[in-house]
J.: 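Take this structure, written in structure tokens, and hold onto it; I'll ask about it next.
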Amino acid sequence: MNLEDDILIENFLRNELSDEERTSFLERIKFDSEFKEQYLLEKQLFESLNEEDWSFVNTIDSKETDEYEALFKSEEIQNLKEVIKKASINSKESRGRIIRLLTGIAAAVVISFFTLRPILSPSVLDTNTLYTTYADLNNLPSFAERGSVDNKEKLVMAEKFFKEKNYEKAASTFDEILYSNKNVSGVYIYIAMAESELGNFDKAIEVLNELESSDLIDSEKAYWYKSLVYIKANKVEQAKKELKNIVEKSLFNTPKAEELLGKL
């Protein structure tokens with residue numbers, strides 16, 4: 001990135017370009033990926049000078065907000081901001097050189113933050129990873145391997161939709177099966193996990209509550225899958241409650257429930 005581009009980006013951020021220059025700038029961003037990357041990084045630095053303009057913090061969840069804010073308000077980052085402020089009153093040439101240097105430093109700081117975060121902040125819970133690991137959706141019981149069962153052809157088709165990650169079609173097909181036959185526990189589980197993947201957590205829990213209250217031999221599996229839905233929904237306390245119930249009553253997947261509890 002050359003000095004002229006640094007100055008161009010700065011002028012754009014300060015709204016100092018003419019209409020023609022601004023149009024040209026926006027067109028370039030569409031087709032020049034390197035220029036766009038540099039613009040986005042310098043834009044974030046530019047905005048960080050304003051204590052009231054933390055644009056990217058507004059797009060993350062509340063658990064991460066404090067970490068980002070602490071990072072960007074740390075002594076090191078504050079020192080960087082002071083250097084940028086001082087640079088803004090110097091010549092264009094010196095400012096351009098400093099911005100190039102600081103954008104590299106800022107990128108390194110952010111990368112280091114994400115790399116070290118699991119080590120430095122073990123309390124930050126990656127619920128998506130836990131869900132993916134313990135749900136193990138690729139290894140749910142298969143209807144294709146079962147013997148004679150009502151609606152087997154339709155069950156296999158619904159399972160196929162699920163494995164193809166067509167969760168909407170899978171959920172609707174399993175729903176049709178459940179409407180006419182409520183005696184197959186696997187149907188409840190497939191519906192719940194499909195709805196969970198679609199982000200319909202209340203629907204998933206509703207179906208699992210129905211399984212839990214049924215007389216089916218596998219009804220206790222509802223507790224395990226409810227804990228997974230709660231984890232995906234980032235409702236950790238509800239997940240813990242389900243897992244503790246499994247452990248206390250030695251229900252389905254007790255060893256995994258104990259293991260998962262230790263990670264929450």
Side-chain angles (χ1 to χ4, degrees), residues 125-264:
L125 192 63
D126 188 348
T127 52
N128 282 332
T129 299
L130 288 177
Y131 171 82
T132 301
T133 301
Y134 285 90
D136 196 14
L137 298 182
N138 291 324
N139 290 310
L140 290 178
S142 175
F143 294 106
E145 298 171 0
R146 299 183 61 168
S148 178
V149 60
D150 292 342
N151 291 321
K152 182 172 181 178
E153 185 176 336
K154 199 168 187 177
L155 284 166
V156 172
M157 179 177 65
E159 180 185 336
K160 183 173 181 291
F161 288 139
F162 186 92
K163 293 188 181 302
E164 291 173 349
K165 299 186 177 181
N166 187 347
Y167 298 117
E168 207 167 304
K169 192 69 175 174
S172 62
T173 306
F174 276 120
D175 270 332
E176 292 173 7
I177 297 170
L178 186 62
Y179 182 78
S180 60
N181 182 5
K182 297 185 180 297
N183 296 319
V184 183
S185 58
V187 173
Y188 294 87
I189 293 169
Y190 269 99
I191 292 174
M193 302 319 285
E195 295 291 0
S196 181
E197 289 297 309
L198 292 168
N200 302 326
F201 303 119
D202 289 343
K203 170 66 175 176
I205 294 298
E206 180 185 331
V207 171
L208 290 171
N209 283 338
E210 190 176 343
L211 172 61
E212 179 189 333
S213 61
S214 73
D215 295 327
L216 296 175
I217 192 170
D218 286 334
S219 62
E220 66 182 51
K221 290 183 178 180
Y223 298 104
W224 171 251
Y225 288 101
K226 278 202 290 184
S227 74
L228 295 176
V229 172
Y230 282 132
I231 286 173
K232 187 171 179 64
N234 205 26
K235 295 183 177 180
V236 177
E237 291 309 312
Q238 288 94 322
K240 285 182 178 179
K241 181 179 177 181
E242 299 296 336
L243 292 169
K244 286 176 182 177
N245 191 43
I246 293 172
V247 173
E248 289 170 2
K249 297 180 180 179
S250 298
L251 302 176
F252 172 75
N253 262 355
T254 294
K256 286 186 177 181
E258 290 178 331
E259 183 180 292
L260 187 48
L261 262 175
K263 297 179 179 180
L264 294 176

J.: Quick one: which residue pairs count as a salt bridge (Lys or Arg N to Asp or Glu O under 4.0 Å) with a foot in residues 222-231, not counting sequence neighbours?
T.: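 Those involving residues 222-231 are E212-K226, K226-E242.
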J.: Identify, with sequence neighbours excluded, every residue that meets salt bridge (Lys or Arg N to Asp or Glu O under 4.0 Å) alongside K221.
T.: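 Expected list: D218.
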J.: Applying side chain to side chain donor-acceptor pair (under 3.5 Å), name anything that partners K241, two or more places apart in sequence or on another chain.
T.: none
J.: I'd like to know if K160 and E164 make a salt bridge, using a cut-off of under 4.0 Å between side-chain N and carboxylate O.
T.: yes
J.: State, yes or no, whether a side-chain contact exists between I231 and L260 at a heavy-atom distance under 4.5 Å.
T.: yes
J.: What are the two closest non-hydrogen atoms of A171 and I191, and how far apart are they?
T.: O-CG1, 4.4 Å
J.: State, with a plain yes or no, whether a side-chain heavy atom of V247 is found less than 4.5 Å away from one of L243.
T.: no
J.: Going by the rule ring pair (Phe, Tyr, Trp, His ring centres under 6.0 Å), which residues pair with Y225 if we only count those two or more places apart in sequence or in a different chain?
T.: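 By the ring pair (Phe, Tyr, Trp, His ring centres under 6.0 Å) rule, Y225 matches no residue at all.
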J.: Sequence neighbours left out, what passes side chain to side chain donor-acceptor pair (under 3.5 Å) with N139? Give chain and number order.
T.: D136
J.: Could you list all the side-chain hydrogen bond (donor to acceptor under 3.5 Å, both in side chains) pairs where at least one residue sits in residues 195-206, not counting sequence neighbours?
T.: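 Passing the test, one end in residues 195-206: Y131-E197, E195-N200.
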J.: What residues, two or more places apart in sequence or in another chain, satisfy side-chain contact (heavy atoms from CB on, under 4.5 Å) together with T129?
T.: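 Only D126, T133 meet the side-chain contact (heavy atoms from CB on, under 4.5 Å) criterion with T129.
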J.: Of all residues at least two apart in sequence or in a different chain, which pass the side chain to side chain donor-acceptor pair (under 3.5 Å) check with T254?
T.: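 T254: no side chain to side chain donor-acceptor pair (under 3.5 Å) contacts found.
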J.: Could you tell me whether the side chain of K263 reaches within less than 4.5 Å of the side chain of Y134, counting heavy atoms only?
T.: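 Touching, per the 4.5 Å side-chain cut-off.
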J.: Got a sec, which pairs hit salt bridge (Lys or Arg N to Asp or Glu O under 4.0 Å) with one end in residues 167-180, sequence neighbours left out?
T.: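 Listed by first then second residue: K154-E176.
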J.: Do the side chains of E210 and K182 get close enough for a salt bridge, i.e. N-O under 4.0 angstrom?
T.: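 A salt bridge links E210 with K182.
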J.: Would you please name every residue forming a salt bridge (Lys or Arg N to Asp or Glu O under 4.0 Å) with K256, sequence neighbours left out?
T.: none
J.: Looking at residues at least two apart in the chain, or sitting in another chain, which of them share a ring pair (Phe, Tyr, Trp, His ring centres under 6.0 Å) with Y230?
T.: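 Once residues adjacent in sequence are excluded, Y230 has no partner under the ring pair (Phe, Tyr, Trp, His ring centres under 6.0 Å) criterion.
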J.: Could you tell me which residues satisfy side chain to side chain donor-acceptor pair (under 3.5 Å) with Y167, sequence neighbours excluded, listed by chain and number?
T.: none
